[in-house]
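Single-structure report; data block below.
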Amino acid sequence: MQQDVTLISSILQLLAGNGGPFLSIILLSLEVTITAVICAGLVGLPLGAGLALVRFRGRTVVIVLVNTLMGFPPVVAGLAIFLLLSRSGPLGGLGLLFTPKAMMIAQFVLVLPIIVALTRQTIEDLWVEYQDHLTSLGAGRLSSIPTLLWDARFSLVTTMLAGLGRASAEVGAILIVGGNIAGFTRTMTTSIALETSKGDLPLAMALGVVLMSLTLAINGLAFGISRVGARFSGKS
C-alpha cells in the first residue's frame, strides 16, 4: 500500500511539471509527431484525391498496395529507413541517422499510407455525389480536386488526426532510426519502453498518462470535428 502511495505521489510530481527531461521528452515527441503528420498531409491529401479520380493502368494494384501499407509493421519500416540512412546506405551522406529528422522520416513513412488511403475513399465517395454538378460546370476530374478537398475538409481533418494518433503511439521505427539518445532523440514512447525496463515506473507511468491524455484529446477532437462537419453539411 505504501509503495502504491509513493508511486502515485511520484507520478503526480512529474505531471505537476518539474521541467527537466520530462518536459523536453514531451516537447520533442510533439515536434517530431506533428511535423511528420503535417508533411504527410501535404503529400498525402492531393495524392489520395488524385488516386480517387484519375484512372490509369495498374490503379487497382496501387490502391491495394496503399491499403496494405496502412498496416506496415513499424519495425520493418524502421529497418528499411535505417538501411537507407546508414553510413553505407544511399542517403548515408546526409548524416540523418540517429537524429530527430530520421524519426520524422520514419513517422512520415508510416502515416502517409493512412492519409492517402482514407483520403482516396473520402474523395471517391464525394465524387459520386458531386460528379454531375461539377461536370455540368465544365470541371474535369483533375480540376475538381481542389473543390472536393475543400468540401471534404471536415472528414479530412479527421483523417489527419487518425494519422496523428498512429504517429504519437509509434515506438518501433523511431527507436531503430533515432537510437533513443537522452536529451536528443528520446520521445515519450521510447522513454516508456526504456524506463520500464530500468524499473523507473513513476516516470514511465507519468509519460503513459500524458500519452493517453493526448490520444484521448485527439479522439475527442476527431469526434467533435466529425459532428460539426455532419451538422454543417446538414446530415444530422
Distance check, rounded to the nearest 0.5 Å: [X] atom [atom1] versus [Y] atom [atom2]?
X	Y	atom1	atom2	result
Thr68	Ile63	OG1	CD1	11.5 Å
Ser168	Ile34	OG	CD1	10.0 Å
Met188	Leu30	CE	CG	5.5 Å
Glu170	Ser29	CD	OG	11.5 Å
Ile114	Asn67	CD1	CG	11.5 Å
Leu51	Phe56	CG	CZ	5.5 Å

Heavy-atom donor-acceptor pair, [X] side chain to [Y] backbone, under 3.5 Å:
X	Y	value
Thr135	Asp132	no
Thr119	Gly48	no
Thr196	Ala193	no
Glu31	Thr33	no

Are [Y] and [X] connected into the same hydrophobic cluster when the rule is that any two of I, L, V, M, F, W, Y join if their side-chain heavy atoms are below 4.5 Å apart?
X	Y	value
Val171	Leu79	no
Phe184	Ile105	yes
Leu221	Met212	no
Leu137	Leu142	no
Leu84	Leu175	no

So Thr190 and Thr187, side chain to side chain donor-acceptor pair (under 3.5 Å) or not? Walk me through it. CA-CA 5 Å; Thr190 59; Thr187 64; 3.2 Å; yes
I'd like to check [X] versus [Y] (side-chain heavy atoms, cut-off strictly below 4.5 Å). Are they in contact?
X	Y	value
Tyr130	Asp151	yes
Ile145	Pro46	no
Leu91	Leu96	no
Leu134	Leu148	yes
Val43	Leu112	yes
Ile26	Leu207	yes

Could you walk me through whether Phe108 and Val37 pass side chain to side chain contact (heavy atoms under 4.5 Å, CB included), step by step? CA-CA 6 Å; Phe108 172 86; Val37 173; over 6 Å; no
Restricting to non-hydrogen atoms, name the atom on [X] and the atom on [Y] that form the minimum distance, rounded to 0.1 Å.
X	Y	result
Ala152	Thr122	CB-CG2, 3.8 Å
Ala77	Leu110	CB-CD2, 3.7 Å
Met103	Thr185	CE-O, 3.3 Å
Ile176	Gly78	CG2-O, 3.7 Å
Ala106	Val177	CB-CG2, 3.9 Å
Val109	Pro113	O-CD, 3.0 Å

Tell me whether the count of non-hydrogen atoms from other residues, nucleotides or ligands lying under 6.0 Å of CZ in Arg55 goes above 12. yes
Please collect all salt bridge (charged side-chain N to carboxylate O under 4.0 Å, His left out) contacts where either partner lies in residues 98-127, sequence neighbours excluded, each pair once. Arg59-Glu124, Arg120-Glu124
Given the rule in the side chain to side chain contact (heavy atoms under 4.5 Å, CB included) test, do Asn180 and Leu194 qualify, once you have shown the distances and angles that lead to the verdict? CA-CA 9 Å; Asn180 200 21; Leu194 176 67; 3.7 Å; yes
With side chain to side chain donor-acceptor pair (under 3.5 Å) as the rule and sequence neighbours excluded, what pairs involving residues 83-96 come up? none
Steps toward side chain to side chain contact (heavy atoms under 4.5 Å, CB included) verdict (Arg186, Ile181): CA-CA 5 Å; Arg186 185 162 295 173; Ile181 303 171; over 6 Å; no
Contacts table for residues 156-167: side-chain donor-acceptor under 3.5 angstrom, sequence neighbours left out:
unit_1	atom_1	unit_2	atom_2	d
Thr158	OG1	Phe154	O	3.2
Thr159	OG1	Ser155	O	3.2
Arg166	NH1	Met70	O	3.1
Arg166	NH2	Phe72	O	3.2

